[in-house]
Structure formats: C-alpha cells, structure tokens
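Presented below is the structure to which this report refers.
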Amino acid sequence: MSTTIRTGVLAALAVAGLTAGAALTAAPAGAAPKAAPRFLTASQLPPHPTGWTAGPVTDGVPVELEYCFGEALLAYDIRHRDFRTELETNAQQIVVVVGDSAKAEALARRLDREVRRCALRAGADPEIEAEYRTYGTLPVEEGARVHAVHTRAAWGATDINLTSVGRDGGTVTLVRWGQMGDFSDAPVKAFKKTTTTAVDKLY
C-alpha cells in the first residue's frame with residue numbers, strides 16, 4: 001500500500017527510528033529489579049559495505065527523530081543509540097520503558113501513526129514530495145510494524161527511510177534506518193531482521 005503526498009519540513013523526514021526509555025515503574029516489594037533493556041549492536045544493523053559504528057546509549061530523543069516523534073514522546077524518559085557508517089547511511093534506536101503494557105501498546109500505536117502522519121503532514125515547502133509504504137507486521141513478542149518513506153526534493157535530493165515500532169510487554173522500541181536513494185535501495189528484508197532482533201533482545 002502506498003500513498004503519494006506533498007510535504008514540506010523534510011529536514012525531519014529522515015523519519016525515523018526512535019525509542020529508548022527509562023520511566024521505570026517500581027518493582028513489588030521483595031521482587032528482583034528488572035534488568036535494563038538491551039540495545040542493538042552495530043553488527044545487528046542491515047549490512048553495509050563500510051560497516052557500522054555504534055555510539056553509546058544516551059538519554060533523550062535523537063535529533064533525527066525529534067520532528068516526527070518528539071511530541072509523542074514528551075511524557076517519557078527516552079534512551080537512544082546512534083549508528084553511523086563511513087558514507088551517508090545512518091540509523092537510530094530508541095527505547096521507552098513505559099512499565100504498563102496497556103500504556104505501552106497505546107504508545108506503540110501512536111508512534112506507528114506518527115510515521116505516516118509525518119509523511120502526510122502538509123508543509124510549507126511545496127517542492128518536497130513524499131511517498132509512504134507499509135511493509136506489514138512482524139511476529140516478535142507483542143508485535144512490530146515496519147514502515148518506509150521516500151522523499152524527493154525539486155532540486156534533486158532523494159532519501160529513503162525505514163522505520164519500525166515494536167513492543168515487548170511494557171517497553172517500546174523504535175528503529176530508524178536512512179540513506180540517499182529510493183524504495184529500490186531499501187534493505188527491507190534485512191531491516192525486518194534487525195527489527196525482530198531489536199524487540200527480541202530487549203529482555
């Protein structure tokens with residue numbers, strides 16, 4: 001399924017991959033504290049000719065994700081990790097520990113909506129065209145969904161971004177991958193594997 005739309009504000013349509021969080025709920029008396037969720041490593045990203053470098057896990061929403069997801073994440077403590085290659089390809093993972101499964105489900109659904117909404121958002125710049133596609137769901141833990149957005153500027157710039165949102169109980173993770181190119185350049189199969197790994201290894 002695809003939707004072609006015009007949108008501005010594509011400085012932010014490096015859409016993306018978000019979720020890292022901390023808002024932990026208190027454990028019952030006598031219960032062992034739950035381990036902190038684990039993040040992807042560089043080797044678990046879609047293969048790249050130059051290889052990946054993983055940054056440290058830090059607090060906050062990465063700049064690449066603020067435009068599309070910042071508002072949805074205002075009420076949460078976020079942790080994230082950035083990934084870089086020697087070329088233009090980059091990625092981010094965020095984790096949000098909501099603690100409550102129902103609230104985490106609601107957040108995951110909102111983040112899924114925000115990917116498409118970000119692409120559909122009418123911008124002030126009529127010279128940017130964006131196309132959204134969904135690549136369906138993945139059967140990992142409480143589920144994950146994969147999205148793609150291709151943007152093309154009138155001056156020739158073209159970018160492809162893959163974003164996934166997944167959940168394990170009360171924890172939500174968002175992963176974004178992006179580079180110059182179009183849908184034909186998107187490593188969808190490898191990104192789905194990365195998404196499955198990201199959700200599966202949280203705990």
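Numbers here are sequence positions counted from 1. Everything numeric here is computed off the predicted structure, so don't read it as measured data.
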| Same apolar cluster: Leu111 and Val63, side chain cutoff 4.5 Å | no
| query | In Å and rounded to the nearest 0.5 Å, what is the OG1 to CG distance from Thr197 to Leu202? | reply | 11.0 Å
| field | Candidate pair Phe183 and Leu162, rule side chain to side chain contact (heavy atoms under 4.5 Å, CB included), full reasoning | value | CA-CA 9 Å; Phe183 288 112; Leu162 297 174; over 6 Å; no
| From Ile160 CD1 over to Arg152 CZ, what is the distance, rounded to the nearest 0.5 angstrom? | 10.5 Å
| query | Can you name the closest pair of heavy atoms from Ala104 and Val172 and give their distance? | reply | O-CG2, 3.4 Å
| query | Run the salt bridge (Lys or Arg N to Asp or Glu O under 4.0 Å) check on Arg113 and Glu71 step by step: do they pass? | reply | CA-CA 13 Å; Arg113 291 195 302 269; Glu71 184 176 338; over 6 Å; no
| Heavy-atom closest pair, residues Pro37 and Val97 | CG-CG2, 3.7 Å
| query | If you measure from CG on Leu45 to NZ on Lys193, what distance do you get to the nearest 0.5 Å? | reply | 12.0 Å
| note | When every non-hydrogen atom of Trp52 is compared with those of Ala42, the smallest separation belongs to O-CB, 3.5 Å
| task | Apply the test side chain to side chain contact (heavy atoms under 4.5 Å, CB included) to residues Val96 and Ile78: give CA-CA distance (whole Å), side-chain angles for both, the deciding distance (0.1 Å), then the verdict. | result | CA-CA 5 Å; Val96 188; Ile78 309 299; 3.4 Å; yes
| query | Near Lys103 NZ, under 6.0 Å, is it more than 12 heavy atoms from other residues, nucleotides or ligands? | reply | no
| request: Report the residues that fulfil side-chain contact (heavy atoms from CB on, under 4.5 Å) with Thr50, sequence neighbours left out, ordered by chain and then residue number. | output: His48, Thr85, Glu86, Leu87
| Is it the case that Arg81 and Gln93 place a side-chain donor and acceptor less than 3.5 Å from each other? | no
| query | So how far is it from Tyr67 OH to Glu114 CD, rounded to the nearest 0.5 Å? | reply | 10.5 Å
| query | Roughly how far apart are Glu129 CD and Thr158 OG1, rounded to 0.5 Å? | reply | 10.0 Å
| said: I want to check something: taking the side chain as every heavy atom from C-beta on, are Thr163 and Phe69 in contact at a cut-off of under 4.5 Å? | reply: yes
| For the side chain of Arg167 and the backbone of Glu142, is there at least one donor-acceptor N/O pair under 3.5 Å apart? | no
| Nearest-0.5 Å distance that lies between atom OG1 in Thr53 and atom CG in Asn90 | 12.0 Å
| Cluster link Val188 to Val175, ILVMFWY, side chain under 4.5 Å | yes
| Within-4.5 Å side-chain heavy-atom neighbours: Arg109 and Val165 | no
| message | If you compare all heavy atoms of Asp82 against all heavy atoms of Glu64, which two are closest, and at what distance to 0.1 Å? | response | OD1-OE1, 4.4 Å
| query | Do the rings of Tyr132 and His147 sit parallel, tilted or perpendicular, given the 30° and 60° boundaries? | reply | tilted
| request: For residues Thr58 and His80, determine if any side-chain heavy atom of one lies less than 4.5 Å from a side-chain heavy atom of the other. | output: yes
| Do you know which two heavy atoms are closest between Ala119 and Ala130, and how far apart they sit? | O-CB, 4.1 Å
| Shortest non-hydrogen separation from Tyr203 to Ala36 and the atoms involved | CE2-C, 4.2 Å
| request: With the side chain counted from C-beta on, respond yes when Thr194 and Trp177 share a heavy-atom pair under 4.5 Å apart, and no when they do not. | output: no
| query | With distance as the sole test, does Thr137 use its side chain to make a donor-acceptor pair with the main-chain N or O of Arg145 at under 3.5 Å? | reply | no
